[in-house]
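Note that the structure is predicted; figures quoted are calculated from it, not measured.
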Protein chains: 2
Amino acid sequence: MLIGELARQTGCEVETIRYYEREGLLSAPQRSASGYRRYTAEQLGELNFILHCRSLGMSLADIRNLAAFKADHQHDCEDINQLIDQQIAKVHQQVEALRLLEQQLLALRDKCHDSRAAADCGILQTLVEASEGAPCVCHTPFGQDNHGHSQDYDHAAKKNGRSNKDRP
Amino acid sequence: MLIGELARQTGCEVETIRYYEREGLLSAPQRSASGYRRYTAEQLGELNFILHCRSLGMSLADIRNLAAFKADHQHDCEDINQLIDQQIAKVHQQVEALRLLEQQLLALRDKCHDSRAAADCGILQTLVEASEGAPCVCHTPFGQDNHGHSQDYDHAAKKNGRSNKDRP
DNA sequence: CTTGACCCTGTAGTGACTACAGGGTGTGCA
DNA sequence: TGCACACCCTGTAGTCACTACAGGGTCAAG
């Protein structure tokens with residue numbers, strides 16, 4: 001099977017497949033006389049494994065590790081469990097950070113519901129005052145006196161990633 | 001004030017400040033005879049505004065827009081409200097996607113609690129079977145018969161971002 | 001013989017930084 | 001005066017997981 005067929009069967013883009021090969025995640029396939037990649041069912045499984053792990057939010061480095069464990073049948077699976085535990089912890093932290101963020105944004109949003117001039121906008125005023133050192137509604141949503149900003153916000157929200165599906 | 005002092009006062013790294021200037025978010029400061037950047041209190045406020053917005057998860061592009069609205073006092077603040085609404089929607093989506101992810105990982109984790117050989121590890125087995133087309137516990141956590149993987153997972157978790165705080 | 005779909009390599013772009021290299025400046029101290 | 005050392009400068013390249021081209025080659029059908 002050629003790379004385009006593999007792409008169709010897995011829903012993975014051709015260029016992503018080549019990228020995984022370059023990164024050493026996917027084993028290099030045999031080549032036809034003209035240099036075309038020829039994939040087997042085994043490699044289809046390999047790619048599906050990678051995609052499944054990716055859909056669980058694992059990094060390519062994690063997947064590389066997992067694949068190594070998979071190849072080494074005698075390896076103590078405690079390492080696998082740990083990898084999943086770390087992934088759970090990471091995702092859990094992100095959920096918590098983002099939930100806090102959502103609360104902060106909602107508190108900020110509550111500062112203005114009208115259509116006024118920017119100069120009178122409660123949201124903008126709140127943001128400007130916060131930048132001048134005032135305690136801000138968005139970072140003190142529950143009346144706490146916390147100076148500075150949330151310490152454990154880890155920029156999880158900075159990537160507004162999109163899947164293949166919601167692209168036009 | 002020199003750039004190092006501004007960095008200390010804001011908790012922002014020197015190189016990030018220069019980056020914001022390059023990106024046009026922070027106005028270019030005056031320079032000393034030897035070319036050193038000299039910042040005023042106004043620019044301190046400007047940077048704090050940016051950092052505050054960043055801590056709310058806004059992109060630099062959003063912050064650029066917001067700063068433009070801020071400068072144009074007569075601008076209808078409906079645009080500001082909309083920007084915050086979009087940010088809330090984005091964060092909310094990410095929270096939902098990550099919560100689903102967490103459930104999936106927990107379901108997977110439940111497949112193995114022992115210390116066995118990798119060949120017998122329930123987690124690994126589940127992942128391998130899933131890559132062979134079997135319905136997987138992690139992507140059918142509630143007994144549904146959903147083929148393929150979660151459609152609205154938007155790679156929110158793929159950036160395992162770290163803040164300044166948790167670096168060694 | 002041409003068309004058009006497919007394949008190849010290699011490079012550059014994304015976002016929001018971060019990390020250097022290789023140099024210049026400013027201040028304090030011996 | 002010489003030197004150490006902290007600070008500053010520009011410019012470039014790296015991070016992650018792709019994505020998008022450019023510029024070319026291959027292959028089957030009509």
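DNA chain C is contacted by both Arg64(B) and Arg18(B); Arg64(B) maps to the nucleotide lying nearer its 5′ end (nearest heavy atom per residue).
Proximity of residues 28-46 of chain B to DNA chain C (heavy atom under 4.0 angstrom from any strand atom) is restricted to Ser34(B), Tyr36(B).
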Using a 3.5 Å cut-off and no angle test, enumerate the donor-acceptor pairs between side-chain atoms of residues 106-113 of chain B and protein atoms at least two apart in sequence or in another chain.
| unit_1 | atom_1 | unit_2 | atom_2 | d |
| --- | --- | --- | --- | --- |
| Arg109(B) | NE | Asp85(A) | OD1 | 2.6 |
| Arg109(B) | NE | Asp85(A) | OD2 | 3.2 |
| Arg109(B) | NH1 | Cys112(B) | O | 2.4 |
| Arg109(B) | NH2 | Asp85(A) | OD2 | 3.2 |
| Asp110(B) | OD1 | His113(B) | NE2 | 3.2 |

Let me have the donor-acceptor pairs involving side chains of residues 120-132 of chain A, under 3.5 Å, with sequence neighbours excluded, atom names and distances please.
| unit_1 | atom_1 | unit_2 | atom_2 | d |
| --- | --- | --- | --- | --- |
| Gln125(A) | NE2 | Ala119(A) | O | 3.2 |
| Thr126(A) | OG1 | Gly122(A) | O | 2.6 |
| Ser131(A) | OG | Val128(A) | O | 2.6 |

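No hydrogens or angles were tested; on distance alone, a donor-acceptor pair under 3.5 Å links the side chain of Glu15(B) to the base of dC20(C).
Proximity of Arg22(B) to the phosphate of dA16(C): no side-chain N or O atom is located under 4.0 Å from OP1 or OP2. Contact check, Ser59(B) against dG15(C): no side-chain N or O comes under 4.0 Å of OP1 or OP2. The side chain of Tyr20(B) contributes an N or O atom lying less than 4.0 Å from OP1 or OP2 of dC17(C).
The OH-P distance, from Tyr19(B) to dT10(D), rounds to 17 Å in whole Å. The NZ-C1' distance, from Lys90(B) to dG15(C), rounds to 11 Å in whole Å. Distance CG (Leu56(B)) to P (dA16(C)): 14 Å, rounded to an integer number of Å. With rounding to whole Å, Ile3(B) atom CD1 is found 7 Å from dC8(D) atom P. Between the CG atom of Leu26(A) and the C1' atom of dA17(D) there is a distance of 15 Å, rounded to whole Å. With rounding to whole Å, Glu5(A) atom CD is found 14 Å from dA5(C) atom C1'. The separation between Ile17(A) atom CD1 and dC18(D) atom P is 12 Å, rounded to whole Å. If you measure from atom CG of Leu47(B) to atom P of dA16(C), you get 16 Å, rounded to the nearest angstrom.
No donor-acceptor contact under 3.5 angstrom links the side chains of Gln82(B) and Glu78(B), judged on distance only.
Electrostatic pairing of Glu21(A) and Arg18(A) does not count as a salt bridge here, judged by no charged N lying under 4.0 Å from a carboxylate O. With respect to the salt-bridge test (charged N to carboxylate O, under 4.0 angstrom), the residues Arg99(A) and Glu96(A) qualify.
Using modelled atom types, one side-chain atom of Glu46(A) and one backbone atom of Ser27(A) make a donor-acceptor pair closer than 3.5 Å.
Direction of the helix axis in the helix from dC1(C)-dG30(D) to dA30(C)-dT1(D) shifts by 30° between the two five-pair termini, rounded to 10°.
The Leu60(B) side chain lies nearest to dA16(C) when the options are dT18(C), dA16(C), dC18(D).
Here the straight-line distance linking atom CD of Gln87(B) with atom CG of Asp62(B) works out to 6.0 Å at 0.5 Å rounding.
Among pairs with a residue in residues 64-112 of chain A, those fulfilling ring-ring contact (aromatic ring centres under 6.0 Å, His included) read Phe69(A)-His75(A), at least two apart in sequence or across chains. Residue pairs meeting the ring-ring contact (aromatic ring centres under 6.0 Å, His included) criterion with at least one member in residues 10-41 of chain B, sequence neighbours excluded, do not occur.
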